[in-house]
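Encoded as structure tokens, the structure appears first; notes follow it.
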Amino acid sequence: MPAKQLEESDTDDVDLGLDSVFTEAPRPPSPEATTSTYKGEQKEFKIRLVGSHPLWGHHLWNSALSVASYLKKNPSLVQNKNILELGAGGALPSLVASESGARKVVITDYPDPDLMQNIEYNVRGNIDESRKDRVAVQGYIWGHAVDPLLDLLNSPPSNVPSDKNAFDLIILSDLIFNHSQHDALLKTCRLVLRPSASANNSALEPCVLVFYTHHRPHLAHRDMEFFKKAKEQEWDCVEIVTQKFDPMFPEDPGEEEVRATVHGWRLTRTTT
């Protein structure tokens with residue numbers, strides 16, 4: 001039997017402080033704010049990353065690079081579509097989605113001033129003036145009420161009929177190592193993704209892209225519990241990408257090839 005679906009009020013009264021939402025051990029602090037460059041189809045993106053931060057916003061993760069590359073190769077996923085990124089960090093995938101012609105891009109991360117201000121900085125510096133009204137930055141806690149996200153789709157120029165007041169693509173880039181948040185992530189995705197029109201698992205159906213690396217190989221089985229839970233909640237889960245990079249944390253324990261590999265999955269849903 002499918003797992004009982006979470007109701008929208010399930011997490012509204014829980015402790016939402018950083019210590020309870022992100023229970024994984026923090027990594028050592030990194031230097032002051034840095035800038036990384038990524039070459040898009042028409043332009044270079046300069047992504048500013050915050051300095052030391054408990055939510056790891058100071059890294060341009062390999063998974064974000066892999067998502068950006070995937071969107072460049074598959075522009076039909078985003079063209080004239082509503083896009084949501086959760087836990088965006090430097091927001092590279094969202095910026096690439098905007099460049100690729102998205103109808104509306106909603107960029108979210110934990111409502112921390114440093115993270116929000118940094119995302120807004122990256123939007124100002126990388127999005128053409130003619131498209132800035134198609135990009136919104138919103139602080140959001142996974143699993144919480146989704147009305148503030150959906151309301152952004154009613155603002156110009158994305159004023160579309162109510163039956164389309166949902167997202168066509170959701171991006172989760174290197175988030176599932178937060179094992180305590182799997183249920184919250186799936187809940188938000190369920191509540192805001194437009195249902196698929198058919199059960200044919202078409203590449204153009206509304207979907208969630210989940211890209212990740214097993215940064216701690218000894219906990220890979222915990223990472224994969226995300227997909228087990230997703231299947232129990234009637235998501236179709238298909239692996240679509242594997243891509244090799246240099247490992248982000250060379251001194252970490254565990255097999256280097258595992259820590260250097262990004263996996264990308266596509267999740268679709270045919271039930272409401």
Side-chain angles (χ1 to χ4, degrees), residues 17-39 44-72 85-96 107-110 112-119 121-122 142 171-182 184-185 209-228 239-265:
L18 285 178
D19 290 342
S20 62
V21 174
F22 297 94
T23 59
E24 309 297 341
R27 293 190 177 276
S30 66
E32 293 300 316
T34 59
T35 300
S36 294
T37 300
Y38 177 84
K39 185 172 178 57
E44 284 191 345
F45 294 95
K46 295 187 181 302
I47 307 299
R48 189 178 74 173
L49 305 167
V50 298
S52 174
H53 198 280
L55 301 187
W56 310 285
H58 48 287
H59 296 294
L60 182 57
W61 296 85
N62 289 339
S63 290
L65 295 170
S66 188
V67 173
S69 176
Y70 187 76
L71 295 181
K72 282 173 57 178
E85 184 171 8
L86 300 177
L92 174 62
S94 290
L95 300 175
V96 171
I107 310 173
T108 73
D109 210 323
Y110 189 87
D112 171 82
D114 289 343
L115 290 177
M116 292 295 98
Q117 291 168 14
N118 192 69
I119 293 174
Y121 177 94
N122 285 335
W142 307 332
I171 299 169
L172 310 185
S173 174
D174 237 331
L175 303 185
I176 66 171
F177 70 91
N178 292 300
H179 302 143
S180 65
Q181 297 304 299
H182 287 177
L185 286 166
L209 294 182
V210 184
F211 280 55
Y212 64 92
T213 296
H214 295 304
H215 296 289
R216 300 160 299 174
H218 68 288
L219 293 178
H221 66 288
R222 296 284 309 281
D223 298 339
M224 298 307 292
E225 287 174 3
F226 177 87
F227 300 102
K228 178 181 178 181
E239 187 169 13
I240 54 174
V241 170
T242 57
Q243 189 173 0
K244 296 295 180 62
F245 292 84
D246 292 331
M248 291 193 61
F249 309 104
E251 303 305 318
D252 276 6
E255 186 177 348
E256 183 171 301
E257 183 173 356
V258 173
R259 294 185 291 109
T261 303
V262 172
H263 303 266
W265 289 59

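The chain is numbered in sequence order, starting from 1.
Screening V241, T242, T261 for a side-chain contact (heavy atoms from CB on, under 4.5 Å) with S66, the sole residue that qualifies is V241.
Counting heavy-atom neighbours within 6.0 Å of E239 CD, excluding the residue itself, gives a total above 12. The number of heavy-atom neighbours closer than 6.0 Å to OH of Y121, taken from other residues, nucleotides and ligands shown, is 12 or below.
Minimum interatomic distance between G254 and P217 (heavy atoms only, all atoms of both residues): CA-CG, 3.9 Å. The minimum heavy-atom distance between F227 and V210, with the atom names listed, is CZ-CG1, 3.9 Å. When every heavy atom of W142 is checked against every heavy atom of A184, the shortest pair comes out as O-CB, 3.5 Å. Here the shortest heavy-atom pairing between H214 and V258 reads CB-CG1, 3.7 Å. The two atoms that bring I107 and A91 nearest to each other are CG2-CB, 3.7 Å, heavy atoms only. Contact record, R216 with D223: NH2-OD1, 4.5 Å, taken as the closest heavy-atom pair.
The OG atom of S63 sits 8.5 Å away from atom CD1 of I176, with the distance rounded to the nearest 0.5 Å. In this structure, the separation between CG on L49 and OG1 on T35 is 7.0 Å, given to the nearest 0.5 Å. One distance of note links CG of N62 with CG of D174; it measures 8.0 Å at 0.5 Å rounding. Taking OG from S36 and NZ from K46, the interatomic distance works out to 10.0 Å, rounded to the nearest 0.5 Å. Atom NE2 of residue H221 and atom NE2 of residue H179 lie 8.0 Å apart, to the nearest 0.5 angstrom. Here the straight-line distance linking atom OG1 of T34 with atom CZ of R48 works out to 10.0 Å at 0.5 Å rounding.
A salt bridge links R222 to E225: at least one charged side-chain nitrogen sits closer than 4.0 Å to a carboxylate oxygen.
With a 4.5 Å cut-off on side-chain heavy atoms, E85 and V67 do not count as touching. L209 has its side chain within reach of L71: a pair of non-hydrogen atoms, C-beta onward, lies under 4.5 Å apart. Using a 4.5 Å cut-off on side-chain heavy atoms (C-beta onward), R259 and D252 make contact. You'll find the side chain of D109 reaches within 4.5 Å of the side chain of M116, heavy atoms only. At a threshold of 4.5 Å between non-hydrogen side-chain atoms, the residues N122 and I119 do not count as touching. Between Y70 and F211 the shortest side-chain heavy-atom distance falls below 4.5 Å. Proximity of V96 to K72: side-chain heavy atoms (C-beta onward) are separated by under 4.5 Å at one or more points. Using a 4.5 Å heavy-atom threshold, the side chains of L95 and Y38 count as separate.
Using a distance-only test at 3.5 Å, with no hydrogens or angles considered, a donor-acceptor pair links the side chain of D112 to the main chain of L115.
Below 30°, between 30° and 60°, or above 60°: for F177 and W61 the angle between ring planes is between 30° and 60°, a tilted geometry. Using the six-membered ring where Trp is involved, H215 and F249 have ring planes that are perpendicular, over 60° apart on the 30 and 60° scheme.
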Could you please spell out the steps behind the side-chain contact (heavy atoms from CB on, under 4.5 Å) verdict for L172 and F226?
CA-CA 12 Å; L172 310 185; F226 177 87; 3.9 Å; yes

